[in-house]
Amino acid sequence: MTAELVRGQNHPLPHTRLEIRVSAGRPVVALATYADDRLAVSDEWIAHPASPTLPGLDISGVAAQAPRFTVDLAAVPAPAQQVNVLLALPEDGRPGSFGTGAAPFVAVAGQDGVDIASFTITGLGAETALVAVELYRRQSSWKVRAVGQGYAGGLAELLADQGVVQAPKKAAAIAAALREAATPVPRAEPARVPTRGDSPYDDAATPRPGRRSPTAAHQEPAVPDGTATSGAPGGEADAGQPAASDAEQPAGGGGRIDYAHPRRSAAPPPPPAVSPPPAVSPPPAVSAAPPGRPAAPVAGDATGWSMEERLYNQIWGMFEDLARSTAAYRSAVEFAESRMDQELDRALGDPRSRIGGAGDAAREAARAKCRKLTEEARRSLDRDLAQLAAESDVVEPALPPAFARWDNPSWHAYRVPMEVPMALRVGDLHLPESPALRIPLLVRLPLERGLWVDSGRTGSEAARLLDEAQLRRQALDCAAGHAARLLAVHPPGEFSVHLIDPAGAGAAQLAPLTDSGLVGGPPAPGAQGVREVLDRLTRRVDLVAMAVRGGAADSLPPDVDTAEQLLIVHDFPHGFDDRAVNQLRYLADEGPAVGVHLLMVADREDASGYGPVLDPLWRSLLRITPVPDDHLADPWVRHAWTYEPLTVPPGSDVVRQVLGQVAAARRAWGR
């Protein structure tokens, strides 16, 4: 499975014989250098098309659209600790830079031709030379790291940064040798853009119409949340997250940012093979922008037949873009600090630097370089954030009610839908580097897992600021809001809600639901009420599951409600005996497949007396909180995302108005 790397991320190399393929959409010169343990490059350790071989390495092509490197890591000289793969634009008199063409793409494959890792080098501007990737020794093994560091000063500046003596003279000699060995430049082909098969996160991270898309995952080990594939926990071999021990990661390139997402396109998907696609209006065209500036964002510029599909895919593209941009920034900062530490260690370890002011000058130079790299990385991140914020500003007002916050005008123009939407918004996500940029957290419908609104104070800074009673009230308010949204986005009669409140402590928070008449009755009280509701829903799951397995869905008893069912459980485990707990676990495991879903409002500590017997229950639910909390992680680089619950604007009666329309539509439907 191919690891799709972001700038600064590393990945282990399981093979010693490798092929490195480059696609740039234009002729480029491929070069390679070896570096020693001090990351210094000598004249003898530079390979280019006019001198294409080093021990263990060979380059094909002079100025080619798709150059290739063949590497035998076992034959790389022992003093060489790093292999740098370099790209440069040919000095043929034609103006241009990497930022004006298609983003270069690099793939590292094994001897069997199967890709191990790939890297799309975005974020380039005026650069005419760059370090694409590095292969480096890590103890007794090798790794590849995505670098993407560009140089506007061309090959001379790149070689000088790698420590080559008389770098301008060397760069000029290479250019002259290439001109002498020049061959006709092949016809340009379209740049290779990573496809779904290129990504190790394809099934989990690539949204598709009619298929579940990525949401978030618990950061707790082996406790996946949402719909994402969380990846293997920890370790340097993880393809989906950078290894903590490899902090020496490079800063991102400067210049104009290429905001084109590898899997986000304005073109609609190809028509199905069986029948022609439904007639839809084409996606809005992106408005033209002045040269050197990204095009103005447009709502619905992702793939999909309907506007809902395009907006859904665009939101998840924004989520992935923010995750990767932030990963690149953090990796760049770690690399700058690690590089500074190494240079300080070398300065302190050299006895000559202890005499006079040489040591102070070396330390100040190392710190200045660290500051420069960090500032460059922050500028690159800020450009990404500005574009994503502009995209969010046009996407948010265009969202349909199911995707929108309660303060969106679409809720004031709400009409009861005639079909179930693709997904439902259950909150917002943001990162510490960009707290103002909120990405909607969407879950696909019908729900494939239940929700757990955590009313506990453990592990949450915001929750510890509230007293226990206030936190429990907010948790139940949050649950009632989610239930109202679920009722509002389903057609009349296709969604039912059941309530369990053994102690009757949640009457005020559940009042919008009970007053609307959309719940079959008042919340079930006491242990007897718990048993009755659970027996009824367990029987429904059993009967529907048997009917589905036997292909006899039409033979269900007339008293079985086949609509989607939501069970809200408040104050768990109060009122639950062992039998009721087992029934609840059964509903959590088997219910979603046949339309029965859980929405629990509980503090996990309250149920600690049951021990590990309830661990599968908690793991099967998507944990959300009534207050902001950073308990969610993405499936790519495992950022700690802060979850923001959806709140009703103060003084707004939007929930009761929406539920009133749903109730009226249900009464009209039942006539």
Side-chain angles (χ1 to χ4, degrees), residues 1-22 30-42 44-48 52-60 67-87 104-121 130-149 162-163 198 200 231-232 234-250 327 331-332 334-335 338-339 342 637:
M1 185 174 288
T2 308
E4 186 179 284
L5 305 181
V6 298
R7 183 177 276 111
Q9 189 177 355
N10 58 69
H11 187 72
L13 293 172
H15 309 293
T16 56
R17 293 181 178 270
L18 305 170
E19 181 183 65
I20 301 174
R21 305 189 308 275
V22 176
L31 306 95
T33 60
Y34 287 171
D36 59 19
D37 56 354
R38 299 171 67 89
L39 302 182
V41 175
S42 65
E44 296 77 20
W45 279 0
I46 302 176
H48 52 85
T53 60
L54 287 173
L57 182 141
D58 185 76
I59 302 174
S60 65
R68 293 173 181 261
F69 301 74
T70 56
V71 184
D72 183 358
L73 296 174
V76 173
Q81 298 296 306
Q82 184 169 291
V83 181
N84 303 305
V85 174
L86 317 177
L87 302 176
F105 175 80
V106 181
V108 180
Q111 193 175 13
D112 54 2
V114 176
D115 286 357
I116 300 169
S118 64
F119 176 36
T120 303
I121 311 174
L130 60 90
V131 182
V133 296
E134 299 169 347
L135 313 179
Y136 64 99
R137 297 184 198 263
R138 178 60 61 194
Q139 297 175 351
S140 60
S141 60
W142 286 82
K143 285 189 167 188
V144 58
R145 176 165 46 234
V147 181
Q149 176 67 56
Q162 294 205 337
D198 293 325
E236 283 199 341
D238 292 348
Q241 63 189 91
S245 62
D246 294 330
E248 65 280 10
Q249 296 165 336
S331 296
E334 290 176 4
F335 167 74
S338 173
R339 182 171 177 170
Q342 293 174 8
V637 284

(message) Using 0.5 Å steps for rounding, measure from the CZ atom of Arg21 to the CZ atom of Phe69.
(response) 13.0 Å
(message) To the nearest 0.5 Å, what is the distance between CD on Gln82 and NZ on Lys143?
(response) 13.5 Å
(message) Given 3.5 Å as the limit, does a donor-acceptor pair link the side chain of Arg7 with the main chain of Val147, or not?
(response) yes
(request) Could you grab the distance from atom OG1 of Thr70 to atom CG of Leu57, nearest 0.5 Å is fine? (result) 6.5 Å
(message) Less than 4.5 Å apart, side chain to side chain, heavy atoms only: is that true for Pro79 and Asp36?
(response) no
(message) Any side-chain to backbone donor/acceptor pair from Glu44 onto Val41? Under 3.5 Å, distance only.
(response) no
(message) So, taking the atom named CD1 in Ile20 and the one named CG in Leu135, what distance separates them when rounded to the nearest 0.5 Å?
(response) 4.5 Å
(request) Indicate yes or no: at least one non-hydrogen side-chain atom of Trp45 is less than 4.5 angstrom from one of Thr33. (result) no
(request) Could you pull out the closest heavy-atom pair between Ala30 and Pro67, with the gap in Å? (result) CB-CB, 3.7 Å
(message) Taking side chain to side chain contact (heavy atoms under 4.5 Å, CB included) as the criterion, tell me which of Leu18, Val85, Val71 meets it with Val108.
(response) Leu18
(message) Using every non-hydrogen atom in the two residues, find where Trp142 and Val76 come nearest and quote the distance to one decimal.
(response) CH2-CG1, 4.2 Å
(message) For Ala47 versus Ile59, what's the shortest heavy-atom pair and its separation?
(response) O-CD1, 3.6 Å
(request) Using modelled atom types only, decide if a donor and an acceptor are shared between the side chain of Tyr34 and the backbone of Pro55 within a distance under 3.5 Å. (result) yes
(request) May I ask you to check whether over 12 heavy atoms, not counting those of Arg17, lie within 6.0 Å of atom CZ? (result) no
(request) Looking only at non-hydrogen atoms, find the nearest pair between Leu54 and Ala32 and report the distance. (result) CD1-O, 4.3 Å
(message) Quick check: closest heavy atoms across Leu87 and Pro104, and the distance to 0.1 Å?
(response) CD1-CB, 4.4 Å
(message) Distance check, rounded to the nearest 0.5 Å: Glu134 atom CD versus Asn84 atom CG?
(response) 5.5 Å
(request) Indicate yes or no: at least one non-hydrogen side-chain atom of Gln162 is less than 4.5 angstrom from one of Leu86. (result) yes
(request) Any chance you could measure His15, atom NE2, to Leu73, atom CG, to the nearest 0.5 Å? (result) 11.0 Å
(message) Quick check: closest heavy atoms across His11 and Ala117, and the distance to 0.1 Å?
(response) CD2-CB, 4.4 Å
